[in-house]
Amino acid sequence: MVCRLKRSCLLALASLIAGSLAAGSAVAQQPIVLKFSHVVAPNTPKGKGAERFRELAERYTKGRVKVEVHPNSQLYKDKEELEALQLGAVQMLAPSLAKFAPLGVREFEVFDLPFIFPDRAALSRVVNGPIGQQLFSKLEAKGIIGLAYWDNGFKVMSANRPLKRPEDFSGLRMRIQHSRVLEVQMRALGAIPLAMAFSESHAALQAGVADGTENVPSNMYTQQMHEVQRHTTLSDHGYLGYAVIVNRKFWDALPGDLRQALRRAMTEATQYANSIAQEENEQALKAMEASGRTEFHRLSSEDRAAWLQALRPVHEDFASRINRALVEAIHRETGMAP
Ligand code: LMR
């Protein structure tokens with residue numbers, strides 16, 4: 001009897017162990033889901049970069065990580081996506097550097113200063129050097145890890161009237177990203193800044209709620225903003241780029257080999273995204289011009305000097321709020337104080 005009892009106990013124990021092992025392996029086989037949310041179209045440099053990351057991440061982790069890319073604000077608009085990241089509702093984002101203010105790291109505002117980077121090479125020296133890394137280290141206390149900087153080039157200005165001289169902006173309601181610097185930039189030009197989510201911009205321009213806007217050509221074109229803006233000035237007056245960021249708890253909890261595989265995927269996706277940005281924007285400009293819906297304007301050197309003069313004070317206004325040493329370090333790195 002005792003022996004039978006012992007035997008049945010052992011059998012029960014064995015089946016319990018087998019059951020939990022099977023359950024364990026079923027759990028182990030479930031891929032880890034990484035939701036990557038963004039606000040632009042899939043056929044933009046950021047959209048394509050995110051897709052490339054998905055392919056590479058799934059390949060290098062051998063399917064142990066499944067990346068779900070949600071473009072076009074499908075899941076969250078600009079402001080909500082940062083909250084969603086911090087709460088862990090999504091794991092990865094690539095917001096424009098203009099949108100980091102809600103995280104309380106003001107230093108990112110430096111990227112919005114008008115004419116801060118003379119060209120892409122200067123930008124690349126800054127983000128890929130110690131300054132870029134220092135900025136990322138400031139995110140960690142906010143529960144965020146910065147993985148990479150993705151470039152999207154320089155912005156154009158558009159409206160239903162030609163914008164050649166600062167006085168042409170007078171009284172125009174200009175849609176901007178939620179950024180204090182961009183607000184002051186528009187005021188310095190005599191315009192009225194209208195901060196709104198990217199996903200609402202086209203409708204606002206179409207309805208005449210906003211008179212004009214600034215953006216990179218690939219965003220203007222893929223949102224058909226050029227169809228509701230009769231004039232576009234190729235001003236290159238400001239920069240638009242992204243930081244790819246990940247929820248820190250999620251990242252730290254990953255097994256080391258998966259983190260390494262994801263880093264490798266991110267490095268390669270970053271090279272890809274940065275290599276196509278310029279070409280994508282040039283193609284978008286060609287397509288906008290060919291559409292005949294918007295007329296292009298180029299700034300003469302006198303016009304450009306007038307923009308610089310109107311916008312120069314924005315640097316001084318923000319230097320102490322952002323971090324004077326950082327602004328000066330960037331001026332030194334780019335060899336240019338506007
Ligand atoms: C915008 O809101 O205009 C841009 O930040 C959109 C983007 O992510 O490129």
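First listed ligand is number 1; within each ligand, the first listed atom is number 1. Sequential numbering from 1 along the given sequence is applied to the chain's residues.
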Side-chain ion pair, R161 and E295, N-O less than 4.0 Å = no

Considering the heavy atoms of K46, write down every atom of ligand 1 situated less than 4.0 Å from one of them.
-> 7 (C), 8 (O)

Does E282 pair with K286 as a salt bridge, N-O distance under 4.0 Å?
-> no

Ligand 1 to V40, heavy atom cutoff 4.0 Å, flagged ligand atoms 6 (C), 7 (C), 8 (O), 9 (O)

May I ask you to check whether F136 and Y149 place their ring centres under 6.0 Å from each other?
-> yes

Under a 4.0 Å heavy-atom limit, does N215 contact ligand 1 with its side chain, its backbone, both, or neither?
-> side chain

So do the side chains of R52 and E268 get within less than 4.5 Å of each other, counting heavy atoms only?
-> no

Where the side chain of D78 meets the backbone of F198, is there a donor-acceptor pair that is under 3.5 Å apart?
-> yes

Can you spot which of R298, R165, H297, K164 makes a side chain to side chain donor-acceptor pair (under 3.5 Å) with D303?
-> R165

Would you please determine whether L240 falls within less than 4.0 Å of ligand 1 on a heavy-atom basis?
-> yes

For atom 4 (C) of ligand 1, which of E200, M196, K99 has the closest heavy atom?
-> K99

Can a salt bridge be assigned to the pair K99 and E81 using a cut-off of 4.0 Å between side-chain N and carboxylate O?
-> no

May I ask you to check whether Y242 has an N/O atom sitting below 3.5 Å from an N/O atom of ligand 1?
-> yes

Output yes when the distance from some N or O of ligand 1 to some N or O of N152 is under 3.5 Å, and no in every other case.
-> no

Determine whether F100 and I116 fall in the same hydrophobic cluster, where Ile, Leu, Val, Met, Phe, Trp and Tyr are linked whenever their side-chain heavy atoms lie under 4.5 Å apart.
-> yes

Below 4.0 angstrom from a heavy atom of V39, which ligand 1 atoms are there? Numbered from 1 as shown, please.
-> 8 (O)

Say whether H38 and ligand 1 are in contact under the criterion: heavy-atom distance to a ligand atom below 4.0 Å.
-> no

Cationic N near anionic O, under 4.0 Å, E200 to K77 | yes

S96 neighbourhood, listing ligand 1 atoms whose heavy-atom distance to it stays under 4.0 Å = 5 (O)

Nearest non-hydrogen protein atom to atom 5 (O) of ligand 1, with distance, is Q177 OE1, 2.7 Å

Taking heavy atoms and a distance under 4.0 Å, where does V216 meet ligand 1: side chain, backbone, both or neither?
-> neither

Determine whether the side chain, the backbone, both or neither of R175 has a heavy atom under 4.0 Å from any heavy atom of ligand 1.
-> side chain

